[in-house]
Trainee: 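Quick one: the structure is below, and I'll ask about it shortly.
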Amino acid sequence: MSKAILLQLIPVAEHPLLETLDQSYERILLPNALSSAELSALAPRVELILTSATTPTPAALIDRLPALKAICSAGVGYDAIDVSYAQQKNILVSNTPDVLNDCVADLAWGLLISTIRKIPQADRFVRQNAWTAHHTFPLSNRVSGKKLGIVGLGRIGDAIAQRGQGFSMQIRYHNRHQRPDVAWTYAETLLELAQWADILLIATVGGESTRHLIDHSILKALGPQGVLINIARGSVVDQDALISALQNGSLGAAGLDVYADEPGVPAALRELDQVVLTPHIASATQETRTTMLELALSNLLSVHSSGRCLTPIPTI
Ligand code: 8YV
């Protein structure tokens with residue numbers, strides 16, 4: 001009898017846990033090239049999906065797989081997966097929380113410091129051989145002691161706030177609800193947080209609930225000296241409003257790891273010198289990506305052995 005199928009929506013590096021999975025599953029990498037007819041032929045045997053936070057896993061795909069038991073993602077965000085649809089169909093869905101908190105928080109701080117101290121611009125200045133005895137790099141701004149407003153104080157937001165203490169930052173946050181377990185000051189509204197903050201750092205979840213949370217009015221409240229840092233999801237920011245605010249000087253600067261339509265980054269954004277851009281790399285270190293993969297594979301193995309995920313996404 002043919003083995004059940006583990007459908008990989010993402011390519012992954014070799015790993016001993018894959019060898020264990022291979023004992024029970026035929027692993028098929030679903031390339032864009034797999035025709036609809038080929039997928040239909042495999043569909044009755046597909047029990048598991050391995051995906052990532054940035055790989056669409058829509059209801060249309062779930063619908064084609066009648067034997068699907070679990071979708072395990074190597075990533076913490078799950079806005080690209082139709083979780084509620086899967087859960088309605090009793091399909092387990094898991095993500096990889098916590099294991100990436102440190103690297104995402106590190107990158108958030110890297111972007112924050114790079115943006116305010118203009119490190120990439122200074123690097124370009126040196127490489128272009130512009131530094132002479134009579135031409136020095138323009139002054140930037142101080143980081144330590146600034147007012148840091150965090151939008152979304154989850155586990156990643158916590159790790160970012162903790163690092164902020166080392167920089168003597170004043171820290172406030174806005175969440176849907178105040179957290180009784182943290183000492184940081186809660187801002188009742190996002191507008192109030194943006195008015196207060198020097199730096200607004202977005203660490204909230206993506207998806208419809210937070211779409212364009214950062215709009216024209218929030219950017220205006222942050223102001224001409226304000227800095228926006230986004231390591232969460234591009235969808236949280238109205239990207240057109242952000243570009244306009246940066247172009248007309250009503251916002252000071254931005255450091256972005258995520259965009260509205262990845263991997264596309266509009267030319268208008270790329271042309272702005274006061275913006276630091278990274279290609280969605282917050283969790284992209286050897287160590288963290290290995291740990292994320294291990295947790296995703298452990299979730300798949302757990303579904304196989306016990307019918308449960310180790311880190312299931314709560315029912316939504
Ligand atoms: C990755 C992410 O980009 O975990 C998330 O939510 O956005 C990132 O860690 C992604 O998982 C890469 O595949």
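Counting starts at 1 for both ligands and their atoms, following the listed order.
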Trainee: Identify whether the distance between the nearest side-chain nitrogen and carboxylate oxygen of Asp106 and Arg163 falls below 4.0 Å.
Mentor: yes
Trainee: Charged N to carboxylate O under 4.0 angstrom, Lys147 versus Asp198?
Mentor: no
Trainee: Okay, side chain of Asp102, backbone of Ala105: is any donor-acceptor separation there less than 3.5 Å?
Mentor: no
Trainee: Please confirm whether Met292 comes within less than 3.5 Å of ligand 1 when only nitrogen or oxygen atoms on both sides are compared.
Mentor: no
Trainee: Is ligand 1 under 4.0 Å from a heavy atom in the side chain of Ala53, in the backbone, in both, or in neither?
Mentor: both
Trainee: What atoms of ligand 1 come within less than 4.0 Å of a heavy atom belonging to Thr54?
Mentor: 3 (O), 12 (C), 13 (O)
Trainee: Specify side chain, backbone, both or neither for Ala284, according to which of its non-hydrogen atoms lie closer than 4.0 Å to ligand 1.
Mentor: neither
Trainee: If the threshold is 4.0 Å, N to carboxylate O, is there a salt bridge linking Asp79 and Arg211?
Mentor: no
Trainee: So is there a nitrogen or oxygen of Leu100 less than 3.5 Å from a nitrogen or oxygen in ligand 1?
Mentor: no
Trainee: Give the numbers and elements of all ligand 1 atoms closer than 4.0 Å to a heavy atom of Ser52.
Mentor: 13 (O)
Trainee: At less than 4.0 angstrom from any non-hydrogen atom of Ser283, what atoms of ligand 1 do you find?
Mentor: 1 (C), 8 (C), 9 (O)
Trainee: Near Val76, which atoms of ligand 1 are under 4.0 Å from a heavy atom of that residue?
Mentor: 4 (O), 5 (C), 6 (O)
Trainee: Within ligand 1, which atoms have a heavy atom of Gly77 less than 4.0 Å away?
Mentor: 4 (O), 5 (C), 6 (O)
Trainee: Could you tell me the residue and atom name of the protein heavy atom closest to atom 1 (C) of ligand 1, and the distance to it rounded to 0.1 Å?
Mentor: Arg289 NH2, 3.5 Å
Trainee: Considering only heavy atoms of Arg233, which atoms of ligand 1 have at least one such atom less than 4.0 Å away?
Mentor: 2 (C), 5 (C), 6 (O), 7 (O)
Trainee: To the nearest 0.5 angstrom, please state how far the OG atom of Ser235 sits from the CG atom of Asp261.
Mentor: 11.5 Å
Trainee: Taking only Lys NZ, Arg NE, NH1 and NH2, and the carboxylate oxygens of Asp or Glu, determine whether Asp273 and Lys118 approach each other closer than 4.0 Å.
Mentor: no
Trainee: Among protein heavy atoms, which lies nearest atom 11 (O) of ligand 1, and at what distance?
Mentor: Ala74 O, 3.0 Å
Trainee: Using 30° and 60° as the class boundaries, would you call the ring planes of His174 and Tyr186 parallel, tilted or perpendicular?
Mentor: parallel
Trainee: What protein heavy atom sits nearest atom 7 (O) of ligand 1, and how far away is it?
Mentor: His280 NE2, 2.8 Å
Trainee: If the threshold is 4.0 Å, N to carboxylate O, is there a salt bridge linking Glu26 and Arg45?
Mentor: yes
Trainee: Quick check: Gly75 and ligand 1, any N/O pair under 3.5 Å apart?
Mentor: no
Trainee: Is the distance between the ring centroids of Phe125 and His135 less than 6.0 Å?
Mentor: yes
